[in-house]
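Worksheet for the structure shown next.
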Amino acid sequence: MKRILVTGALGQIGSELTMSLRERYGNDNVIASDLKTQPNGKLLDSGPFESFDCTNADALSAIVRKYKIETIYHLAAILSAVAENNPGLAWNVNINGLYNVLEVAREFDCAVFIPSSIGAFGPSTPVDNTPQDTIQRPNTMYGVTKVTGELLCDYYYKRFGVDTRGVRYPGIISNETLPGGGTTDYAVEIYYEAIKNKHYTCNLPAGTFLDMMYMPDAIKAATDLMEADPAKLIHRNAFNVTAMSIDPELLAAEISKHIPEFTIDYDIDPVKAEIAASWPNSIDDLAARKQWNWKPDYNLATMTKDMIEILSKKLL
Ligand code: NAD
Ligand code: SER
């Protein structure tokens, strides 16, 4: 059985990925960790939890040694909008935290899963069907850290043989833990507001197309890639993966099929709008499909039906 450490386990992705890994590999084999100290009941009751700062190399190393960790899912990070407000914090966590994870992985021979993002692209990247290998000149601190992270992961594999793997996630839509300050957060908030208030004021302009994915597919992407035959991985890190390309109007129209009274209006956040405008409309995930059989299970219609069913039970 693998011994796994998840950093950032209390975040949007980590809270659900940890539970899925525990189901797959056994509760006691998956150690949840975060800077925050207060896990919810489910995470705390189902297995080990450790609180530490991933920028503290000694603390990280002690945990890896204590639990004889073999695989690290490194999810601790600062997301795009928060990063733009605090670039120094984003650099420290996203770069120094990642460096510590790669160093400990080198020392203790761990495999590492690291998410990059559609934020690793920038205004000069082709916007439609963005290829796997293309121009990456992001103009946000989040994007700078994500491109640097992609390169560092490639370097640690090539130079030291560390088994690094990763995807470029699009915006992730989920119903368990709220997102942590990204540009795509609107696509989660819209469901909560549609159910609670039948109205949503969106902070990105209509016509802002971005890639998105439902959480079960995000979890599937991480676990499938980590289980994939390494001989078939030409890229290893930063695989484009997507499930849909949508804008606020399309999302609102789909929600209206379930909640006919639902209305949307706009109050644009200039920082988020500028970040979103610098990202692709849609990315091409052919490399992931070919190299490790990536394929999403959910589209906009099936995700929306599921989101509304689950959130209605949770919120009403
Ligand atoms: P999140 O903000 O919801 O969670 C991140 C977690 O990391 C938080 O619980 C936070 O407390 C923790 N953390 C922050 N600083 C830390 C530190 N110094 N030490 C330890 N823990 C720390 O983020 P998420 O949405 O779950 O994202 C996880 C990863 O996936 C990130 O690398 C992110 O860039 C990437 N990603 C996310 C999305 C998305 O839409 N959620 C899209 C693309 C990429
Ligand atoms: N959802 C993430 C963000 O907006 C994309 O990386 O920051």
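Atoms within each ligand, like the ligands themselves, are counted from 1 in listed order.
- When the shell of 6.0 Å around NZ of Lys42 is examined, it contains 12 or fewer heavy atoms from other residues, nucleotides or ligands.
- Between Thr183 and ligand 2, a contact under 3.5 Å exists for at least one N or O pair.
- At a 3.5 angstrom cut-off on N or O pairs, Ser117 does not count as close to ligand 1.
- For atom 21 (N) of ligand 1, the nearest protein heavy atom (residue, atom name, distance) is Leu35 N, 3.2 Å.
- If you look at Lys146 next to ligand 1, the close heavy atoms, those under 4.0 Å, all belong to the side chain.
- Contact check for Ile118 versus Pro170: side-chain heavy atoms found under the 4.5 Å cut-off.
- The protein heavy atom nearest to atom 26 (O) of ligand 1 is Ile13 N, 2.9 Å.
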Would you check, one step at a time, whether the test side chain to side chain donor-acceptor pair (under 3.5 Å) holds for Asn96 with Thr55? CA-CA 6 Å; Asn96 295 331; Thr55 65; over 6 Å; no
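- In terms of protein heavy atoms, atom 11 (O) of ligand 1 is closest to Asp34 OD1, 2.6 Å.
- Heavy-atom proximity to atom 23 (O) of ligand 1, evaluated over Leu79, Leu210, Val188, Ile78, is greatest for Leu79.
- The contact set between ligand 2 and Ser117, taken as ligand atoms under 4.0 Å from a residue heavy atom, comprises 5 (C), 6 (O).
- Of the candidates Leu75, Ile114, Asp185, Leu75 brings a heavy atom nearest to atom 29 (C) of ligand 1.
- Hydrophobic clustering keeps Ile78 apart from Leu75 (ILVMFWY residues linked when any side-chain heavy atoms are closer than 4.5 Å, directly or through intermediates).
- For NZ of Lys314, the number of neighbouring non-hydrogen atoms (other residues, nucleotides, ligands) closer than 6.0 Å is greater than 12.
- Counting atoms of ligand 1 from 1 in the listed order, those under 4.0 Å from a heavy atom of Asp53 are 17 (C), 18 (N), 19 (N).
- The shortest N or O to N or O distance between Tyr169 and ligand 1 is not under 3.5 Å.
- The nearest heavy-atom contact from the protein to atom 35 (C) of ligand 1 is Pro115 CB, 3.8 Å.
- To the nearest 0.5 Å, atoms CG (Asp58) and CG (Asp53) are separated by 12.0 Å.
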Can Ser33 and Glu50 be said to form a side chain to side chain donor-acceptor pair (under 3.5 Å), step by step? CA-CA 5 Å; Ser33 73; Glu50 296 277 353; over 6 Å; no
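- Residue contacts with ligand 1 do not include Thr7, since none of its heavy atoms lies under 4.0 Å from the ligand.
- Within a 6.0 Å sphere centred on NZ of Lys198, other residues, nucleotides and ligands contribute more than 12 heavy atoms.
- For His74, no nitrogen or oxygen atom sits less than 3.5 Å from a nitrogen or oxygen atom of ligand 1, counting backbone and side chain alike.
- Each of the atoms 1 (P), 3 (O), 25 (O), 26 (O), 39 (C), 41 (N) of ligand 1 lies under 4.0 Å from some heavy atom of Gln12.
- Using bins of under 30°, 30° to 60° and over 60° for the plane-to-plane angle, the ring pair Trp279/Tyr142 lands in the tilted bin.
- In terms of hydrophobic clustering, with Ile, Leu, Val, Met, Phe, Trp and Tyr side chains grouped at heavy-atom distances under 4.5 Å, Tyr186 and Phe262 are assigned to a common cluster.
- The single protein non-hydrogen atom nearest to atom 15 (N) of ligand 1 is Val93 CG1, 3.8 Å, given as residue, atom name and distance.
- With rounding to the nearest 0.5 Å, the separation of CG in Asn175 from OG in Ser312 is 10.5 Å.
- Here Tyr169 has no heavy atoms under 4.0 Å from ligand 2, in either its backbone or its side chain.
- Residue nearest to atom 7 (O) of ligand 2, selected from Ser80, Ala83, Gly171, Gly181: Ser80 (by heavy-atom distance).
- Phe113 and Leu60 sit in two unconnected hydrophobic clusters of ILVMFWY residues. Membership requires side-chain heavy atoms under 4.5 Å apart, directly or through other members.
- Between Trp292 and Trp294, the ring planes are tilted. Angles from 30° to 60° get that label.
- Of all atoms in ligand 1, numbered sequentially from 1 with element shown, those under 4.0 Å from a heavy atom of Phe52 are 19 (N), 20 (C).
- Here is the list of ligand 2 atoms found below 4.0 Å of a heavy atom in Thr184: 1 (N), 2 (C), 4 (O).
- Taking only nitrogen or oxygen atoms, main chain and side chain alike, Tyr142 reaches within less than 3.5 Å of ligand 1.
- Geometrically, ligand 1 and Leu178 share no nitrogen or oxygen pair separated by less than 3.5 Å.
- Of the protein's heavy atoms, Gly11 CA, 3.2 Å lies nearest to atom 4 (O) of ligand 1.
- Within the listing of ligand 1, atoms 17 (C), 18 (N), 19 (N), 20 (C) sit less than 4.0 angstrom from a heavy atom of Cys54.
- Among protein heavy atoms, the minimum distance from atom 42 (C) of ligand 1 is reached at Pro170 O, 3.0 Å.
- The side-chain tip of Arg236 points at the ring of Tyr157 from less than 6.0 angstrom away and within 45° of straight on.
- Ligand 1 is approached by Gly171 to a heavy-atom distance shorter than 4.0 Å.
- Heavy atoms of other residues, nucleotides or ligands lying less than 6.0 angstrom from CG of Asp267 number 12 at most.
- Considering backbone and side-chain N/O of Ile172, one or more are found under 3.5 Å from N/O of ligand 1.
- Under the 4.5 Å side-chain criterion, counting only non-hydrogen atoms from C-beta, Tyr67 is not in contact with Asn29.
- Checking Gly8, Ser33, Ala77 against atom 14 (C) of ligand 1, the nearest heavy atom belongs to Ala77.
- Other residues, nucleotides and ligands contribute only 12 or fewer heavy atoms inside 6.0 Å of the CD atom of Glu274.
- With ligand atoms numbered from 1 in the order given, ligand 1 contributes 43 (C), 44 (C) to contacts under 4.0 Å with heavy atoms of Ser116.
- Using a 4.0 angstrom heavy-atom cutoff, Tyr186 does not count as in contact with ligand 2.
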